[in-house]
Amino acid sequence: MKNIINKIKILAILTIVFSMVSCGEDFLGPSPTPDAAISGVDFYKTEDQVMSGIIGIYDAIQGVNDTRSDSNHGIQMEFYVTEMRSDNTRTKSGEGEASQFDFFTVQPTNGLVADHYRSAFNAIFRANKVLENLDVVSAANKGKFEAEARFLRAYLYFNLVRLYGDVPLVDKVILLEDKDTQFTRVPVAQVYDFIIADFKFAIDNLSNGSKNRASKAAAQGLLAKVYLTQNTNYLEAQLLLEDVMKSGFILEPDFADVFYNEDNNEVIFSIGFISGITQDSQNFSAEFLNGVGRTVGVNYVTNDAKEALDLLGGNRTPVSYRNDLLQITQNQVAKFLPNGADGGADGKTFTGFDPRLAGNDWIVLRYADILLMHVEAIMAGGQDTSVGAAINSFQAVRNRAGLTTPVTSITKQELLDERRVELAFENHRLFDLIRLGEAQNVLSAFSAATGGSYSSTDLLLPIPQVEIGLSNGKLTQNPGYN
């Protein structure tokens, strides 16, 4: 499933991190507040310790694989606040706190939202801590260390600003009493300027290498997506994407290999996990199934998404979803089956390993996304394009899916549809709908058909009520939430 030697090295470094900071306040442990402040303890004395801190940022993004309500579960929670707020996925039962995402009834007290928000700021704190201690790093490595920490901070803030709008902008390690920085929301435009600066620094100082670490290509691809999200700098986005397209990445010939032959040539950046190791595995692969995870099943495929894949998916369809063998009226996400195992005749029997300790990496950015963003950049906010370079990128993705009929022009709707079936269940759909200006139409119609209560304010999540309480009212709430 993965490069075990490289992952073991990371675990060894993390052991140093845990021993080094075990007495520190809220550095690795869970906290009810954004982990943006510290008591002033200095953990880093050597270059190796700073490298340990960089690995610690990835560890925070990876999240804790447990069921504690006060743990930071990191990327393992992302599907709730992204894919399940779109027309792609839902809960199996339509019940419980998770079902608030199904029906656009998310409350400020939602613990899943609080977990996601808290986890992101925990990782940002770790990035800032590394950046504060670069003086002990050699001149040869200082730029690379800074670039990696800034890349990860930009990635985290890009997700936060798209999900919550104005957010506190914590650009350094602050003291616990600095409530203004911790709890003052900064305008979206200012947050984007900060993100862009961090990604640009990463591009200038990183090279390409590990799929589970920051790289120049990943920074270029994500910065291009920032520009597309802002509906600006289309030419710059196009140039960034074309540079990535010259960097040696390819579309894997077999679509299934993208997900089950990890560290493949299509993946640009992913969050790495190792099977069977509690502190370095993930549970979302089990949660997506029936009677396997700790829930009754979440991130189940909507009928709407199933119909789209059946019509437009080509050979991607059987890799993307499967029928629930225990409840044949339901359909499950199939891209992240635990360690690639199908669960046998009932879809839930796994031998030789615990599916709740799965090792599937979470793919953040892959080459197919680059190609489809390339089309979007050339379209430049328009309704269609027939530019040859856009046609070539679009056709390459479709050809891999077995859809080889030549394309001569591409509409915005066709691009949105292609992104939906190519990147289904990879947490892109909500952001795509918003970025391409179709969220209001699509989600209002979907909500009406499924008994939800969507309104335009649902495009942003609520600021967790626990954070507002801790701020003594300084942290303000998003519109539409009481």
Side-chain angles (χ1 to χ4, degrees), residues 31-37 57-58 60-63 72-85 101 106 108 110-128 131 149-174 181-199 202 214 218-219 222-223 225-230 269 271 362 364-365 427-428 430-432 434-435 457-468 470-471 474-479 481:
S31 169
T33 64
D35 290 305
I57 308 169
Y58 291 98
I61 295 170
Q62 184 187 69
N72 297 323
H73 295 103
I75 196 80
Q76 297 178 63
M77 306 299 294
E78 187 178 84
F79 69 91
Y80 284 110
V81 298
T82 55
E83 202 74 352
M84 285 181 61
R85 291 172 58 227
F101 302 110
V106 180
N110 188 291
L112 303 168
V113 174
D115 189 332
H116 176 270
Y117 186 91
R118 181 180 69 233
S119 295
F121 277 101
N122 171 257
I124 288 168
F125 163 77
R126 298 189 194 196
N128 286 335
L131 292 168
R150 291 181 68 173
F151 168 89
L152 293 170
R153 185 173 65 177
Y155 159 68
L156 290 157
Y157 263 115
F158 186 32
N159 283 337
L160 282 169
V161 76
R162 288 184 292 174
L163 290 169
Y164 300 93
D166 299 349
V167 289
L169 184 56
V170 186
D171 62 353
K172 60 184 180 299
V173 177
I174 60 176
T181 303
Q182 287 187 72
F183 297 119
T184 298
R185 299 180 69 183
V186 170
V188 165
Q190 186 177 338
V191 180
Y192 271 117
D193 287 345
F194 182 75
I195 292 167
I196 290 167
D198 273 358
F199 275 141
L222 289 174
L223 180 56
K225 189 167 285 190
V226 169
Y227 288 146
L228 295 178
T229 300
Q230 292 183 304
F269 179 53
I271 306 302
W362 183 261
V364 175
L365 184 67
N427 298 352
H428 295 286
L430 177 68
F431 294 140
D432 290 349
I434 295 172
R435 190 176 68 251
T457 57
D458 290 310
L459 293 180
L460 292 179
L461 288 165
I463 300 297
Q465 189 61 45
V466 64
E467 307 297 339
I468 292 175
L470 289 165
S471 75
K474 188 173 188 63
L475 192 61
T476 57
Q477 186 55 271
N478 277 325
Y481 298 100

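Between Val113 and Phe101, some side-chain heavy-atom pair lies under the 4.5 Å cut-off. When side chains are defined from C-beta on, Ile196 counts as touching Tyr227, because their heavy atoms get closer than 4.5 Å. Looking at Val106 and Pro462, their side chains come closer than 4.5 Å, going by heavy atoms from C-beta outward. Using a 4.5 Å heavy-atom cutoff, the side chains of Arg153 and Phe194 are in contact. Taking the side chain as every heavy atom from C-beta outward, Phe121 and Tyr157 approach each other to under 4.5 Å. No side-chain heavy atom of Ile463 sits less than 4.5 Å from a side-chain heavy atom of Thr476. In this structure the side chain of Thr229 reaches within 4.5 angstrom of the side chain of Tyr192, judged on heavy atoms. By the 4.5 Å heavy-atom criterion applied to side chains, Leu131 and Lys172 are not counted as neighbours.
The side-chain contact (heavy atoms from CB on, under 4.5 Å) search around Thr82 returns Glu78, Leu163, Asn427, Phe431, not counting sequence neighbours. Remark: Phe269 pairs with Phe151, Tyr155 by the ring pair (Phe, Tyr, Trp, His ring centres under 6.0 Å) rule, at least two apart or across chains. The side chain to side chain donor-acceptor pair (under 3.5 Å) check on Arg162 picks up Asn159, with sequence neighbours excluded. Applying the side chain to side chain donor-acceptor pair (under 3.5 Å) rule to Asp171 yields no partners; only residues at least two apart in sequence or on another chain are considered. With sequence neighbours left out, Arg185 forms a salt bridge (charged side-chain N to carboxylate O under 4.0 Å, His left out) with no residue at all. Qualifying side-chain contact (heavy atoms from CB on, under 4.5 Å) partners for Val186, counting only residues two or more places apart in sequence or in other chains: Leu169, Gln190, Val191. Remark: Thr457 engages Ser455 in a side chain to side chain donor-acceptor pair (under 3.5 Å) (not counting sequence neighbours). Annotation: side chain to side chain donor-acceptor pair (under 3.5 Å) contacts of His116 (sequence neighbours excluded): Tyr164. In this structure, the salt bridge (charged side-chain N to carboxylate O under 4.0 Å, His left out) partners of Arg150, at least two apart in sequence or on a different chain, are Glu146, Asp198. Among residues two or more places apart in sequence or in another chain, the side-chain contact (heavy atoms from CB on, under 4.5 Å) test is passed with Thr181 by Val170, Ile174, Asp178. For Ser471, the side-chain contact (heavy atoms from CB on, under 4.5 Å) partners two or more places apart in sequence, or in a different chain, are Phe183, Lys474, Leu475. Here Asp166 pairs with nothing under the salt bridge (charged side-chain N to carboxylate O under 4.0 Å, His left out) rule; sequence neighbours left out.
Residue Ile195 forms a side chain to side chain contact (heavy atoms under 4.5 Å, CB included) with just one option from Val161, Leu156, Leu160, and that option is Val161.
Between Ala202 and Ala219, the shortest heavy-atom contact is CB-CB, 3.9 Å. Annotation for Ala60 and Asn122: closest pair CB-OD1, 3.2 Å, computed over non-hydrogen atoms. Residues Gln477 and Pro108 approach most closely at NE2-CB, 3.6 Å, considering heavy atoms. Residue Pro464 comes nearest to Ala114 through the heavy atom pair CG-CA, 3.7 Å, listed as atom of the first residue, atom of the second, then distance.
With hydrogens and angles ignored, the 3.5 Å screen pairs no side-chain donor or acceptor of Gln62 with any backbone N or O of Ile75. Without hydrogens or angle criteria, Arg85 side chain to Asp458 main chain gives a donor-acceptor distance under 3.5 Å.
Expressed to the nearest 0.5 Å, how far CG of Leu460 lies from CG of Asn478 amounts to 5.0 Å. Of the inter-residue distances, the one linking Ile57 atom CD1 with Phe125 atom CZ reads 10.5 Å to the nearest 0.5 angstrom. The CG atom of Asn72 sits 12.0 Å away from atom CD1 of Ile61, with the distance rounded to the nearest 0.5 Å. Considering CD1 of Ile468 and OH of Tyr481, their distance stands at 11.5 Å, rounded to 0.5 Å.
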